[in-house]
Peer 1: 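Mind looking over this structure? Questions follow.
Note that these values count all heavy atoms, side chains included, but never hydrogens, waters or copies made by symmetry.
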Amino acid sequence: MVFLLLLFFRGSPIMMWPKFTRLTTIVNLRTCHYGNLTTLRPHIRSVSQGSCYLDTRTHSIRPLCCRSPLLAGNTSITLTLGLQPRRTITTDRPSWYESVADSTPVFLTEQLLVSTQQMTGLPWWASIMCTTLALRTAITLPLGIYQSIIIAKVEALQKEIAVLARQLRFEISIRAKEKGWSEKACRFHFKKNLKRIVSELYVRDNCHPFKASLLIWVQLPMWVCFSLALRNLSLGMGHVPLGGALWFPDLTLPDSTWIMPVSLGLINLLITEIFALRQLDPSKFQKYVTNFIRGISLVMIPIAATVPSSMSLYWLSSSCVGLAHNLLLRSSHFRGICRIPPTRSDSETPYKDIAAAFVAKYIK
């Protein structure tokens, strides 16, 4: 995940528009450096009612009535076309970042965001938040329920596995006396047969632990696609201080107040601590993973302060929805509705227990 964060520190594209007075096709020319060769890559974003021109005196773009897709409350009309993914016109191979940022999933995500905003008529900040809530509720919440079911089944098997392990150890000791096995051979046969028994139990109850990781394999690519799509939309058009709300009036600029970045870090830390409090007897590996996630949550603060506010808003909205889902999955009533098997950490008063655990760990 640390390497994925580097995706958002690349330079913004150089944008040039030809001057037209009616329907204007906006083309971004992105510079690509390969050794001593510099090439230009066109990226068709949208067709807008308006025109722009290049001021040769100041070497800057002067929009006449063109607006960014992330800007609401203007009279310009932005039409989304069924465009194919952008292709490079150079024979040189693009960099790995360009390949990801210009990939088909990211391009389709851009179209989804623009189409949703146009159909709902909401300002861009509200459209981003509503889209995040809808997708996470429709996709990641069912996967979170499925993950809880798998974890509960695996936890329920631990008692049976412990009983079978004792029986297997007894049988291995008897066979070792008959065959004259060494201690190393006994350990080998014990681990081999125990692994086979555990695998059979997982197949019987359909709860292989790998299935519990399905959530992250879906959520992480979705997070990357939405982040890159918002970055492309933010940097692909002119910067006009409109489209946001409150302290972030321009979604194409970073949050200079650091309110969203700091809030993002605090929400992520809160989610991490809720998971840590649920681990009754954490192993050393679980402790290392928890500390690593805490470090990532802190690193995300300065990163969120350097990217466009549209990305920070999406990250913050996604984390808030994730926190709400995590708390919802702690409810015994909701777990009963979803038919999640009971676990040792279940409680009739989960939220009071979380508050009490926080007070005992960080205040007293």
Side-chain angles (χ1 to χ4, degrees), residues 1 130-165 194-195 197-223 267-290 292-294 296-297 317-361:
M1 183 175 180
C130 291
T131 304
T132 303
L133 175 62
L135 287 178
R136 291 217 54 174
T137 302
I139 298 176
T140 60
L141 180 58
L143 291 177
I145 295 172
Y146 181 72
Q147 181 186 60
S148 299
I149 293 175
I150 297 298
I151 293 175
K153 287 183 177 181
V154 171
E155 184 176 326
L157 285 177
Q158 298 309 308
K159 292 183 179 180
E160 186 175 356
I161 292 174
V163 173
L164 294 175
L194 181 61
K195 183 178 181 180
I197 292 173
V198 171
S199 298
E200 292 176 353
L201 292 176
Y202 288 156
V203 172
R204 185 195 69 184
D205 291 356
N206 191 23
C207 62
H208 195 281
F210 181 78
K211 295 182 178 181
S213 65
L214 181 61
L215 175 61
I216 189 64
W217 294 113
V218 174
Q219 183 175 340
L220 186 58
M222 185 173 67
W223 185 84
I267 294 296
N268 288 336
L269 286 175
L270 183 59
I271 295 174
T272 305
E273 296 308 316
I274 289 177
F275 272 107
L277 292 174
R278 191 171 185 178
Q279 298 172 353
L280 301 179
D281 298 316
S283 62
K284 289 185 177 180
F285 177 75
Q286 290 175 329
K287 291 180 180 179
Y288 290 147
V289 171
T290 301
F292 176 76
I293 297 176
R294 287 170 179 157
I296 291 296
S297 300
S317 302
S318 180
S319 295
C320 290
V321 175
L323 175 61
H325 289 172
N326 290 330
L327 294 176
L328 183 62
L329 289 172
R330 296 294 296 270
S331 171
S332 58
H333 181 67
F334 183 77
R335 293 174 70 88
I337 294 175
C338 299
R339 297 183 180 181
I340 301 176
T343 61
R344 291 184 301 167
S345 59
D346 287 351
S347 172
E348 294 296 330
T349 58
Y351 307 121
K352 291 183 179 180
D353 295 343
I354 292 174
F358 265 101
V359 171
K361 185 175 181 179

Peer 1: Just by distance, do the side chain of Arg294 and the backbone of Leu269 share a donor-acceptor pair under 3.5 Å?
Peer 2: no

Peer 1: Mind checking the CG-CD spacing from Leu157 to Glu155? Nearest 0.5 Å is all I need.
Peer 2: 10.5 Å

Peer 1: Provide the full list of side chain to side chain donor-acceptor pair (under 3.5 Å) pairs with a residue in residues 136-149, sequence neighbours left out, each pair given once.
Peer 2: Arg136-Thr140, Arg136-Ser318

Peer 1: Mark yes when over 12 heavy atoms from residues, nucleotides or ligands other than Tyr351 sit less than 6.0 Å from its OH; otherwise mark no.
Peer 2: yes

Peer 1: Going from NE2 on His208 to CG on Leu201, what distance comes out if it is rounded to the nearest 0.5 angstrom?
Peer 2: 12.0 Å

Peer 1: Go through the steps to decide whether Leu164 and Glu200 satisfy the test side-chain contact (heavy atoms from CB on, under 4.5 Å), and finish with yes or no.
Peer 2: CA-CA 12 Å; Leu164 294 175; Glu200 292 176 353; over 6 Å; no

Peer 1: Checking Ser319 now: which residues fulfil side-chain hydrogen bond (donor to acceptor under 3.5 Å, both in side chains) with it, not counting sequence neighbours?
Peer 2: Asn268

Peer 1: Which distance, rounded to the nearest 0.5 Å, do you find between the CG of Leu141 and the CG of Leu215?
Peer 2: 10.0 Å

Peer 1: Just to verify, what does Lys153 make a side-chain hydrogen bond (donor to acceptor under 3.5 Å, both in side chains) with, not counting sequence neighbours?
Peer 2: none

Peer 1: Can you give me the closest heavy-atom contact between Ala276 and Thr290, atom names plus distance?
Peer 2: CB-CG2, 4.0 Å

Peer 1: Between Cys338 and Ile149, which heavy-atom pair has the shortest distance, and what is it?
Peer 2: O-CD1, 4.1 Å

Peer 1: Any side chain to side chain donor-acceptor pair (under 3.5 Å) involving residues 322-331? Give me the pairs, sequence neighbours left out, ordered by first then second residue.
Peer 2: none

Peer 1: Go through the steps to decide whether Thr343 and Ile151 satisfy the test side-chain contact (heavy atoms from CB on, under 4.5 Å), and finish with yes or no.
Peer 2: CA-CA 9 Å; Thr343 61; Ile151 293 175; 5.8 Å; no

Peer 1: Any chance you could measure Leu135, atom CG, to Cys130, atom SG, to the nearest 0.5 Å?
Peer 2: 11.0 Å

Peer 1: From Glu273 CD over to Ile354 CD1, what is the distance, rounded to the nearest 0.5 angstrom?
Peer 2: 12.0 Å

Peer 1: Apply side-chain contact (heavy atoms from CB on, under 4.5 Å) to Val154 and list each qualifying residue two or more places apart in sequence or on a separate chain.
Peer 2: Ile150, Gln158, Tyr202, Cys207, Pro209

Peer 1: Just so I know, are the side chains of Ile296 and Thr272 near enough to count as touching, which here means a heavy-atom distance under 4.5 Å?
Peer 2: no

Peer 1: Please list, chain by chain and in numerical order, all residues satisfying side-chain hydrogen bond (donor to acceptor under 3.5 Å, both in side chains) with Arg339, sequence neighbours excluded.
Peer 2: none

Peer 1: Of all the heavy-atom pairs spanning Ala165 and Leu194, show the shortest one and how long it is.
Peer 2: CB-CD1, 4.1 Å

Peer 1: After noting the C-alpha distance and the side-chain angles of Ile293 and Ile271, does the key distance pass the side-chain contact (heavy atoms from CB on, under 4.5 Å) rule?
Peer 2: CA-CA 10 Å; Ile293 297 176; Ile271 295 174; over 6 Å; no

Peer 1: Starting from the C-alpha separation in whole Å, work towards a yes-or-no answer on side-chain contact (heavy atoms from CB on, under 4.5 Å) for Leu270 and Phe358.
Peer 2: CA-CA 10 Å; Leu270 183 59; Phe358 265 101; 3.6 Å; yes

